[in-house]
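Beneath this line is the structure, given in structure tokens, with notes to follow.
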Amino acid sequence: MKNRKTIYAIIALLFACILYIYDNYDVEEKNISFSSNFNYLPTSTTGQIIHHNYYSLSYNEKFEQAEWVAYELTLEHLSNQNFKRPYFEKDSKVKTQSANYKNYKNSGYNKGHLCPAGDRKFSKEAFNETFLTSNITPQLYEFNAGIWNRLEQKVRYWVQKYDKLYVITGGVLSKNLKTIGSEKVAVPTQFYKIILDYHQPKIKAIAFLIPHKASEKGLYNFVVTIDEIENLTGIDFFPELPDEIESKLEKSSNYTNWNFRNF
DNA sequence: CTGTCAATC
DNA sequence: GATTGACAG
């Protein structure tokens, strides 16, 4: 009788353990794959993170531009509406004052959007919000209208396939960059873009690092690891992902899960 | 799409 | 400075 009770107790205990493990496994899966309020924002090296209605950024006063701009892009955001381009304004939320657009005048560089206007065409308000000087960086025309534009279009193409993406973009702000204008807006020599597809069961990411010059090369030639961009910028991307997933994601430069079509 | 510039009020 | 339209990759 004693033995039987012991065996029952052990069985009950095992059952409880299995339930416990199963339950936790389930919870973890849910947190990783289905949480709707996943915080995708990178860390800030400057402590000046600004949230607009339709994108966020971390402003770096020394370089007079954002070190990153981050936003969510969904299928519903894509639109064929056309809005008139407004003038660029200073970002009133930047305490240290974002650069005046006149710095770009006759500089030889264009005002390149970090959060593209084309990704915020679902409303006039969202579209206009991208025309803040905290959201631009000096770019060569041939670069901006060329390979960089191709990358932005590729992101819009991927959204149609993958439904919802997190996009993080910036110039690499390193020492001794050339500057333009009286406020000395720095001209990055490379730009990066990181895209996260936060879908179950396979979270995937891809990162691009593109030299600031015209190029006719295929975009896949510029795929790098997120770790490489972190090393260059000192920014920690996706710090809120579970460490195991983050580390695996960020050391990979495998892009076979991303459809490049003809590129 | 990505942008600039000139003309006009 | 605001608006409109032409232009270029």
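A, B, ... follow the sequence lines: proteins, then strands. Residue 1 opens every chain. Because the structure is a prediction, the values reported are computed rather than measured.
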Name every donor-acceptor pair, under 3.5 Å, that has one atom in a side chain of residues 227-237 of chain A and the other anywhere in the protein, sequence neighbours excluded.
| residue | atom | partner | partner atom | Å |
| --- | --- | --- | --- | --- |
| Glu230(A) | OE2 | Phe237(A) | N | 2.7 |
| Asn231(A) | ND2 | Asp227(A) | O | 3.3 |
| Thr233(A) | OG1 | Ile229(A) | O | 2.7 |
| Thr233(A) | OG1 | Ile235(A) | N | 3.2 |

Centroid-centroid under 6.0 Å between His113(A) and Phe131(A) rings: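 Between His113(A) and Phe131(A), the centre distance is under 6.0 Å.
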
Ignoring hydrogens and angles, write down the donor-acceptor pairs under 3.5 Å from the side chains of residues 134-149 of chain A, residues two or more places apart or on other chains.
| residue | atom | partner | partner atom | Å |
| --- | --- | --- | --- | --- |
| Ser134(A) | OG | Asp91(A) | OD2 | 2.6 |
| Asn135(A) | OD1 | Cys115(A) | N | 2.8 |
| Asn135(A) | ND2 | Cys115(A) | O | 3.1 |
| Asn135(A) | ND2 | Thr130(A) | O | 2.9 |
| Thr137(A) | OG1 | Gln65(A) | OE1 | 2.7 |
| Trp148(A) | NE1 | Glu152(A) | OE2 | 3.3 |
| Asn149(A) | OD1 | Gln153(A) | NE2 | 3.4 |

Please identify which of these residues, Asp119(A), Ile195(A), Asp163(A), meets the side chain to side chain contact (heavy atoms under 4.5 Å, CB included) condition with Leu73(A).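 The single option meeting the side chain to side chain contact (heavy atoms under 4.5 Å, CB included) with Leu73(A) is Asp119(A).
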
Indicate for each nucleotide in nucleotides 1-9 of chain B, in 5' to 3' sequence, whether protein heavy atoms under 4.0 Å reach the base (B), only the sugar-phosphate (S), or nothing (-). BBBS-----

Spacing of Asn128(A) atom CG relative to dT3(C) atom C1', expressed in whole Å: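 After rounding, the gap between these two atoms is 15 Å.
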
What distance separates Leu219(A) CG from Arg150(A) CZ, expressed to the nearest 0.5 Å?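 Nearest 0.5 Å value for the CG-CZ distance: 5.0 Å.
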
